[in-house]
Number of protein chains: 2
Amino acid sequence: MTVASAHGNSPNEVFAAIENASARRLLIVALDEFAARGFHATTTRDVSTKSGLSPAAMYVHYPSKEAMLFQIALVGHSTARDRLRAALAEIDQTAGSAQRLEVILREFTFWHAEHTTVARVCEYELQHLNAEHRAEIDRIRREIEVGVRDEVQRGVDCGEFSVPDVRYATMALTSLAIDIVRWYTPGTGVTPAELADNLAVLGLKMVTA
Amino acid sequence: MTVASAHGNSPNEVFAAIENASARRLLIVALDEFAARGFHATTTRDVSTKSGLSPAAMYVHYPSKEAMLFQIALVGHSTARDRLRAALAEIDQTAGSAQRLEVILREFTFWHAEHTTVARVCEYELQHLNAEHRAEIDRIRREIEVGVRDEVQRGVDCGEFSVPDVRYATMALTSLAIDIVRWYTPGTGVTPAELADNLAVLGLKMVTA
DNA sequence: GTCTATAGATGGATAGAC
DNA sequence: GTCTATCCATCTATAGAC
């Protein structure tokens with residue numbers, strides 16, 4: 001199963017678990033606005049009216065604007081983490097470090113391109129969460145980061161990889177995927193699969209002994 | 001001359017050309033707030049009072065909040081571009097592609113770490129500029145990107161480098177430096193020089209044949 | 001060039017009817 | 001669960017004195 005065929009099409013898929021139609025529509029509109037304009041520049045009025053509802057309707061489904069951001073961040077991060085885990089679980093257990101890291105890089109890059117708006121909010125808008133919500137998201141982020149770092153370390157230990165410093169190398173590898181959300185616009189020629197192919201090759205070469 | 005010794009210390013140095021003390025102080029406070037909270041979450045009242053002035057005083061020096069952002073972005077981008085050019089001009093003209101690209105990577109990475117707040121605003125807050133200002137900044141950004149891409153292309157042409165695609169490789173190289181501003185906090189152990197060393201090595205390895 | 005005072009607009013959130 | 005109406009805080013920017 002290739003990465004490209006494993007996933008459906010963006011936010012509707014990511015937020016499919018939200019059963020109430022209005023709640024889901026509100027969240028998807030909020031997501032688009034947060035990604036395009038930023039959390040603070042987005043008004044609750046805008047989110048509500050673009051969802052076909054009155055300004056007050058939002059508060060039936062979410063207690064505040066920040067709560068919507070948290071919901072987006074929580075689903076986004078959880079989904080990304082789960083997919084990384086699933087991808088690793090699917091590989092032949094005798095696979096070498098290079099093969100395992102390539103799967104991680106490909107999956108992580110593809111996610112950031114395919115789900116650009118979710119990923120953009122997850123990478124850039126976390127500062128607007130309150131302290132508790134921020135801490136909860138940070139826990140998931142650490143899980144992801146540790147997962148990547150462990151693979152790099154394993155590769156270094158067995159001699160497949162060679163880097164000046166495992167921590168900086170891990171940072172560099174994740175940067176390749178994360179920075180996509182700063183410039184990438186879907187539907188303008190570049191496909192997520194193309195990006196994943198290119199960046200996985202480059203990232204792997206960066207750490208290979 | 002090493003990169004580290006070539007530069008003084010952050011925003012005061014970058015905005016040294018602004019002679020009026022209040023105007024300079026306002027801009028530096030605005031920079032810190034924009035970098036920490038984002039453009040929209042920053043209030044003009046906050047910028048003024050943290051500069052030791054009344055809310056109205058700002059408008060004597062800048063016509064609007066957006067004008068401050070533009071000033072920061074213009075000085076930031078111009079300075080970064082000029083330093084890249086100066087660094088390249090300083091190298092031995094017989095230097096190979098690897099050596100030239102290493103200087104670019106080192107300089108670009110060091111800039112993003114040493115001047116994190118300026119760089120963060122330059123990378124993340126441009127969406128809040130008006131159309132004309134945005135276009136002016138984008139022109140400078142293209143100059144920088146083309147400069148990096150040309151070096152990668154030259155290295156590929158002469159056989160020193162080998163990449164699946166020059167455009168994606170250029171993106172990846174710049175991402176290494178740019179993504180620093182998302183997580184880097186000065187004074188917490190990691191030095192800009194250390195970062196520049198590590199990322200220049202990793203970036204070079206990524207494209208070397 | 002700096003101040004106090006305030007205009008004028010907007011936005012997050014709530015009240016209460018249906 | 002959705003609406004209309006509105007409160008109240010906040011924010012950008014301006015007016016006018018010193």
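A, B, ... follow the sequence lines: proteins, then strands. Residue 1 opens every chain.
Judged by distance alone, with hydrogens and angles left aside, the side-chain atoms of A:Q127 form a donor-acceptor pair with the main-chain N or O of B:A36 at under 3.5 Å. Looking at B:Y62, its side chain does come within 3.5 Å of a backbone N or O of B:A23 through a donor-acceptor pair.
D:dC7 atom C1' lies 11 Å from atom CZ of A:R45, rounded to whole Å. Straight-line distance from the NE2 atom of A:H40 to the P atom of D:dT10: 11 Å, rounded to whole Å. Rounding to whole angstrom units, CZ of residue B:R37 and P of D:dC11 are separated by 12 Å.
Between A:H115 and A:W111, the ring-plane angle classifies as tilted under the 30° and 60° cut-offs. Between A:H128 and A:F39, the angle of the ring planes stays under 30°, which puts this pair in the parallel group of the 30/60° scheme.
Taken from OG1 in A:T109 to CG in A:L195, the straight-line distance is 7.5 Å, to the nearest 0.5 Å.
The footprint of chain A on DNA chain C, defined by a heavy-atom cutoff below 4.0 Å, extends from C:dG11 to C:dA15.
Exactly one residue among A:D32, A:L69, A:L126 makes a side-chain contact (heavy atoms from CB on, under 4.5 Å) with A:V121. That residue is A:L69.
Between A:T43 and A:P63, the residue anchored nearer the 5' end of DNA chain C, judged by the nucleotide with its closest heavy atom, is A:T43.
Nucleic acid contact for A:S54: base, since at least one base atom lies under 4.0 Å from a heavy atom of the residue. Nucleic acid contact class of A:A56 (heavy atoms, under 4.0 Å, all strands): base. Residue contacts for A:T42: at a heavy-atom cut-off of 4.0 Å it reaches the sugar-phosphate backbone alone, with no base atom in range.
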